Protein chains: 2
Amino acid sequence: MIRYAGMAERRVTPGGDEAAFLETYRPGDFPRPSVAVDLVVLTIEDCDLRLLTVQRNEHPFKGKWALPGGFLRVGPSRTAQGEGIDDAAKRELHEETGLPEGSVFLEQLGAFGAPNRDPRMRVVSVAYFALVRPTLAPLVRPGGDVRKVRWQSVSDREPAGLAFDHDTIVSSALRRVRDEIDRSHIAFELVPDTFTIQQLRAVHEVVKGTPIDPGNFRKRFLRMIDDEILEQARGKRLTASKPAQVYRFRAPPT
Amino acid sequence: MIRYAGMAERRVTPGGDEAAFLETYRPGDFPRPSVAVDLVVLTIEDCDLRLLTVQRNEHPFKGKWALPGGFLRVGPSRTAQGEGIDDAAKRELHEETGLPEGSVFLEQLGAFGAPNRDPRMRVVSVAYFALVRPTLAPLVRPGGDVRKVRWQSVSDREPAGLAFDHDTIVSSALRRVRDEIDRSHIAFELVPDTFTIQQLRAVHEVVKGTPIDPGNFRKRFLRMIDDEILEQARGKRLTASKPAQVYRFRAPPT
DNA sequence: TAAATAGTGTCTATAAGACATTATCTC
DNA sequence: GAGATAATGTCTTATAGACACTATTTA
């Protein structure tokens, strides 16, 4: 007979106060899943959305490319429970990419927990997406377990190119980013600290996959200045022709 | 020394093909978290948004109200991995509420996995939110482990009234529902199969917490008929005065 | 007929989209 | 001056919000 968590829990003797209960509490002997974090790390290079993948150097899917990530570190006792899932995501991101702490936007995407998504054992993955400024993207270096990393074009990736269910996770992340870019400030995570209107427009175009009218985009942009979301920065960006005004994102006071 | 999943994994001998690897694979002996699903079940009754809570009959938080939910059932081996997380959510929902399968809208909210959110042991919870039509809400009966359930008003709940981190989860769900109601069709999950414009407006008002101009709401509503999202149903809803036309939601062909 | 609620119309402000035009810089 | 891109302006259409008004039913 297979034991499940709910049953095990009821074997514990009730009664007494909560402190006493916890003192004597012994977790049941039922199968637990491993919990992992998987990272959909995106940047923009050469007007192209790129995804960071790492090559697996062990079975299963040996040699295949996969999302960076790793297992949640769980402590050995009820009073030492280990790291939080957000912390695990942050840790894996910095371990495996070498990017400096706090330089990357990171947000939870959701949990992926179908059975058999990992052929070794039951694994529930909590997926995150990360946005890396193009200025930082070239600094990425394999670290931790990882031996090879690469930035892979999102548009011409193979339909089922990644290990595990990572293609599904990537699709879900792209949907989320495309959805959020119009309603939040995530576009500013994909440009350098100072940027021109055209650079920001390019980010929107690349993420959405459709061209945007420069004049109309400018109007939206100028409204953001009125709303004090953006401010002019000093200097101009030199190009082949007329130099462009440079702006900076003002972190909202919220 | 504390073992972590990543370390254990590397102890496995590499080489050979993947099938052979999996044959001989033995998962490492590292601590794993329990994975649970928690449900934020919402309905509308008397123009008031209500949350379904269950009373805990065991420590910890004995006697306190908490979200319905339970542990993910994980199989004993790599070839019998147990149920998926979405299935677990569905199962717990129907077990603990007695509501008929497939009658309730259910969507994943995200994972909550801070350490010490459960004092017994490390638990990572995957939260879901569910929307129950007001016609079904009175049918809810405690089932499974649960002895007492209640529909609790969302607006006059205590700030820290629930067990564990369930208040945080509820806040997150409410934010999500308020956000999604303008961009999706979830409002139709909170009305009976046929409904009047005023009923649907009441749902929006209750969820958003602000009054909405009836005339303006009507315009949005009529656009949905043009877009074939809604259709007229037969009959009229009788009220104290002029009866109102009744409509029906047409599931989009997507 | 009065009360109540369903249903309609109007006016304004705001934003998005299509597109033409001007300005300013490099070479 | 030519070429290129930045920057601006115009016109149309769609939508949201405030609010006045009409229609239809019950009691």
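Here is how names work: the chains are called A, B, and so on, in the same order as the sequence lines, proteins then strands, and each is numbered from 1. Remember, predicted model here, so these are calculated numbers, not experimental data.
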Do the non-hydrogen side-chain atoms of B/F221 and B/I225 ever get within less than 4.5 Å of each other?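 Yes; the side chains approach each other to less than 4.5 Å.
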
5' to 3', nucleotides 1-10 of chain D under a 4.0 Å protein heavy-atom cut-off (B base, S sugar-phosphate only, - none) gives ---BBBSB-B

Using whole Å, what does the distance between atom [atom2] of nucleotide [N] and atom [atom1] of [X] come to?
X      : N      : atom1 : atom2 : result
B/L238 : D/dT26 : CG    : C1'   : 10 Å
B/M224 : D/dA16 : CE    : P     : 10 Å
A/R220 : C/dT14 : CZ    : P     : 18 Å
B/F221 : C/dA6  : CZ    : P     : 12 Å
B/Q232 : C/dA6  : CD    : P     : 15 Å
A/R237 : C/dT26 : CZ    : P     : 15 Å
B/F217 : D/dA18 : CZ    : P     : 15 Å
A/H204 : C/dG17 : NE2   : P     : 12 Å

Using a strict cut-off of less than 4.0 Å between a Lys/Arg side-chain nitrogen and an Asp/Glu carboxylate oxygen, indicate whether B/R183 and A/D179 qualify as a salt bridge.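 A/D179 and B/R183: salt-bridged.
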
Six-ring centre of A/W65, A/R56 cation under 6.0 angstrom, axis tolerance 45°: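 Here A/R56 fails the 6.0 Å and 45° test against A/W65.
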
Distance-only, no hydrogens or angles: does the B/Q245 side chain make a donor-acceptor pair with backbone N or O of B/A233 under 3.5 Å?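 Looks like yes, one N/O pair under 3.5 Å.
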
Under 4.0 Å: is that the gap between some side-chain N or O of B/R223 and OP1 or OP2 of D/dA16?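 So the side-chain polar atoms of B/R223 do come within 4.0 Å of the phosphate oxygens OP1 or OP2 of D/dA16, strictly under.
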
Derivation of the side chain to side chain contact (heavy atoms under 4.5 Å, CB included) call for A/F129 and A/L39: CA-CA 6 Å; A/F129 70 97; A/L39 304 169; over 6 Å; no

Please work out which of the three classes, parallel, tilted or perpendicular, describes the rings of A/F195 and A/F188, given edges at 30° and 60°.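 If you compare the ring of A/F188 with that of A/F195, the planes turn out tilted.
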
